Amino acid sequence: MPEKSAQLKLFFTQKLMEWNQKFNKREMPWKKEKDPYKIWISEIILQQTRVEQGLDYYNRFIDQFPDVKKLAQAKEFSVFKLWEGLGYYSRCKNLISTAKFINEELNGVFPNAYEKILALKGVGPYTAAAIASFAYNLPYAVVDGNVTRVLSRFFSINIAVDTTEGKKIFNELAQSLLKKDQANIYNQAIMDFGATICKPRSPICTNCLLANNCQSFLDNTMNSFPVKSKHTSQKERWLYYLVAEYNDRFYIRKRAQKDIWQNLHEFLVIEMNSPKTTEEVLKSKQFKERIASGYNIISVSKPYQQKLTHQLINGVFIHLKLKDPVVFEDFVLKSKSQIKRIAFPRIIFGYVTENNFLS
DNA sequence: AACCCGGGGGA
DNA sequence: TCCCCAGGGTT
């Protein structure tokens, strides 16, 4: 990357701060928040998650767990229930782990040094810089999707942002642009600017204070930035859920395998490598391994589908009443009132909700 | 360095 | 449909 002129960098920082002071109307509950606990919660929720999507989760989370001690002492399944539907569930796992660590090892006091914050589980460079600057006004520049987009456009940097080299370049550039005595305001400003003006698509360049020195605007190449190296490939999967009922209870387990939806729950399930009819599922070896005794078919659901970034999940739910209990791996019988309290993936939640299972 | 991990909304 | 979102962890 050619060295950016000091003058251009100064222009960037000054105009960004000016835009923030004069025109930034974005409001969010964690803005101006100084409690590191609440900032931490908001930042974890917002990892790879739109503000609008995370907002209700944040409010419910703070309402139910207003401080780190409350979170540390909560039942794990109830925290996951609050996270249900938000995705990236390892965030929730790490959140619980870190809450316990702070409560038990740090006397409930949130660390106030960047390196200590960075060392927390689930906290990487972005989140550590966000907490350090927002809670303590420490001079660490945040680098998130907004920042790489804004900087790659303004300086016309065509290094892929998702490579080791790209991360180094953008981290160093972001740090050099930071208004160090107002790190909290600057960091909030650049993300708000990216989210509302320098948007991924249809950036509002005609009304941008920085446009007259924005290299990609001058070249009319805004839509070519940021450059990314990865392209996503999607894999299709076919899941046949056996909603196996015995004495008004259902066989459920917590997912623990190396796969999506770890720590969420599921019914007995048979995965096929291609679409199958109900008859084929019932005749399959996998089915007979699980259900050896008699059963009645209560219903077969419509096909459900869930789109993930890298997977397309097809699901069919076959509701069975068993004549005898079965023993299979770590599945256990759970009542409807128990099922209400535990977290499921969206596709199962959708089926359970639409079919009034819990009423 | 490559890969994995959710779900949803905008264009 | 495709892209991307206040990224981080594991292999």
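Source: prediction; values computed, not measured. Chain letters run A, B, ... following the sequence lines, proteins first, then strands; residues in each count from 1.
- Closest of all the heavy-atom pairs between Leu151(A) and Ile190(A) is CD2-CD1, 4.3 Å.
- Comparing the P positions of dA6(C) and dC3(B) gives an interatomic distance of 26 Å, to the nearest angstrom.
- Within the structure, no pair that satisfies the side chain to side chain donor-acceptor pair (under 3.5 Å) test touches residues 283-292 of chain A, not counting sequence neighbours.
- Within the nucleic acid shown, Val123(A) comes within 4.0 Å of sugar-phosphate atoms alone, with no base atom in reach, counting heavy atoms only.
- Listed by residue number, Gln188(A), Met191(A), Asp192(A) are the residues of residues 174-196 of chain A with a heavy-atom contact under 4.0 Å to DNA chain C.
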Output the pairing pattern of DNA chain B as a dot-bracket string, 5' first, Watson-Crick or G-U wobble with both distances under 3.5 Å, | for cross-strand pairs, [ ] for crossing pairs. |||||.|||||

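- Under the side chain to side chain contact (heavy atoms under 4.5 Å, CB included) criterion, Arg50(A) pairs with Glu52(A), Gln53(A), not counting sequence neighbours.
- Checked by atom type and distance alone, the side chain of Lys179(A) never pairs as donor or acceptor with a backbone atom of Tyr186(A) at under 3.5 Å.
- Partner Val143(A) forms a side chain to side chain contact (heavy atoms under 4.5 Å, CB included) with one of Leu173(A), Thr148(A), Val161(A) and no other, that one being Thr148(A).
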Could you walk me through whether Trp83(A) and Ile45(A) satisfy the side-chain contact (heavy atoms from CB on, under 4.5 Å) test, starting with their C-alpha distance in whole Å, then the side-chain angles of each, then the deciding distance to 0.1 Å, before giving a yes or no? CA-CA 9 Å; Trp83(A) 201 273; Ile45(A) 286 176; 3.8 Å; yes

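- Taking for each of Gly145(A) and Phe225(A) the nucleotide of DNA chain C with the nearest heavy atom, the 5'-most of the two is the partner of Phe225(A).
- Remark: the separation of the P atoms in dT10(C) and dG6(B) is 14 Å, to the nearest Å.
- Classified by interplanar angle (parallel below 30°, tilted 30° to 60°, perpendicular above 60°), the ring pair Phe154(A)/Phe12(A) is perpendicular.
- Residue Pro345(A) comes nearest to His265(A) through the heavy atom pair CD-O, 3.2 Å, listed as atom of the first residue, atom of the second, then distance.
- Using a 4.0 Å heavy-atom distance criterion, Trp83(A) is classed as making no nucleic acid contact.
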Using a 4.0 Å cut-off on protein heavy atoms (strictly under), produce a 5'-to-3' string for nucleotides 5-11 of chain B with B for base contact, S for backbone-only sugar-phosphate contact, and - for none. BBBBBBB

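- Here the closest heavy-atom approach between residue Tyr246(A) and residue Tyr251(A) is recorded as CB-CE1, 4.4 Å.
- Toward the 5' end of DNA chain C, the nearer of the two residues Pro200(A) and Val143(A), judged by each one's closest nucleotide, is Pro200(A).
- In 5' to 3' order, the nucleotides of DNA chain C bounding all contacts with chain A (an atom under 4.0 Å from a heavy atom) are dC2(C) to dT11(C).
- Note on Glu105(A) versus Lys100(A): no salt bridge recorded, every NZ/NE/NH1/NH2 to OD/OE distance being 4.0 Å or above.
- Electrostatic pairing of Arg346(A) and Glu84(A) does not count as a salt bridge here, judged by no charged N lying under 4.0 Å from a carboxylate O.
- Among the heavy atoms of the strands, none lies under 4.0 Å from Thr163(A).
- Across every non-hydrogen atom of Val79(A) and Ala74(A), the tightest pair is CG2-CB, 3.8 Å.
- The heavy-atom pair separating Pro226(A) from Arg149(A) by the smallest distance is CD-CG, 3.8 Å.
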